[in-house]
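Working notes, structure below.
Not measured: the values here are computed from a predicted model. Read the numbers this way: they start at 1 and go in the same order the structure lists the ligands and their atoms.
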Amino acid sequence: MKFFIDTADVDAIRELHDLGMVDGVTTNPSLILKSGRNILEVTKEICSFVKGPVSAEVVALKAEDMIAEGRKLAAIAPNIAVKVPLTWDGLKTCKVLSGEGFMVNVTLCFSANQALIAAKAGATFISPFIGRLDDINLDGLDLIGDIRTIYDNYDFKTQILAASIRTANHVKDCALIGADVVTAPPAVIKALASHVLTDKGLDQFTADWAKTGQKIL
Ligand code: E4P
């Protein structure tokens with residue numbers, strides 16, 4: 001499973017990149033706001049060291065304008081995936097831009113039918129939002145499973161990019177279901193390494209080692 005990092009924080013991406021944990025990056029207008037950076041500048045900086053897909057999202061609502069924005073974003077670097085919302089205009093944009101050879105990430109997906117129609121429109125990635133479904137007492141993971149089944153039934157090549165990941169358990173469950181990619185905030189990626197018994201065991205080993213009076217170095 002590929003790990004994308006869901007942030008526009010360059011320092012956080014670099015830290016995980018240096019550990020080989022970054023297969024790509026996703027951003028959205030809210031994350032650009034949080035970064036305090038200009039979208040073109042920060043996206044270019046991310047693409048200077050991340051070689052996998054870097055999603056940059058259009059903000060126009062009409063297809064004609066989305067297409068123009070998408071072309072401008074795609075000109076930043078060859079590994080840009082243009083992110084478009086799952087609206088009718090977004091699907092039109094997806095069809096045009098994927099036909100021009102650009103990667104397209106169709107975002108704000110909340111149903112299996114939306115994922116089906118995005119695949120028909122040529123999406124490279126579909127982004128179902130797990131956490132936001134959980135927030136309204138629906139089951140985001142069920143959606144990932146339904147999309148996996150549908151895509152496999154018909155051999156769609158669109159990759160399932162599980163988004164709105166809030167917990168380490170979301171990552172594990174997406175891996176079990178067979179999502180192609182998870183995009184998660186840096187803190188969630190780091191949480192994958194944590195276990196209370198690891199901490200407890202290390203405390204015990206450290207205490208016992210001190211009692212030996214030995215040194216390795
Ligand atoms: C990624 O593409 C999405 O924009 C992101 O995962 C949304 O996450 P949130 O629901 O935590 O804002």
*Geometric cation-pi criterion, Arg14 with Phe49: 6.0 Å, 45°*: yes

*Can any side-chain N or O of His17 pair as donor or acceptor with the backbone N or O of Ile13 at less than 3.5 Å?*
no

*Any ion pair linking Arg166 and Asp6 (charged N to carboxylate O, less than 4.0 Å)?*
no

*Identify, for atom 4 (O) of ligand 1, the protein heavy atom at the shortest distance, and state residue, atom and that distance.*
Asn28 ND2, 2.7 Å

*Contact check: Asn105 vs ligand 1, nitrogen or oxygen atoms, below 3.5 angstrom*: no

*Give the residue and atom name of whichever protein heavy atom lies nearest to atom 3 (C) of ligand 1, and the separation in Å to one decimal.*
Phe129 CZ, 3.4 Å

*Atoms in ligand 1 flagged as close to Ala163, the criterion being non-hydrogen separation under 4.0 Å*: 1 (C), 6 (O)

_Give me the nearest non-hydrogen protein atom to atom 5 (C) of ligand 1 as residue plus atom name, then the distance to 0.1 Å._
Asp6 OD2, 3.0 Å

*Under 6.0 Å from the CD atom of Glu64, do we count more than 12 heavy atoms belonging to anything else shown?*
no

*Between Val84 and Thr107, is any pair of side-chain heavy atoms under 4.5 Å apart?*
no

*Sub-3.5 Å donor-acceptor pair from the side chain of Thr212 to the main-chain atoms of Trp209, do we have one?*
yes

*How far is atom 2 (O) of ligand 1 from its nearest protein heavy atom, and which residue and atom is that?*
Lys83 NZ, 2.6 Å

_Protein heavy-atom partner closest to atom 11 (O) of ligand 1 - residue, atom, separation in Å_ = Arg166 NE, 3.3 Å

*Would you indicate whether the side-chain heavy atoms of Ile32 and Arg37 approach each other to under 4.5 Å?*
no

*Can you tell me which residue and heavy atom of the protein come closest to atom 12 (O) of ligand 1, and the distance to 0.1 Å?*
Arg132 NH2, 2.8 Å

*Around atom 8 (O) of ligand 1, find the nearest protein heavy atom and jot down its residue, atom name and distance.*
Ser164 CA, 3.4 Å

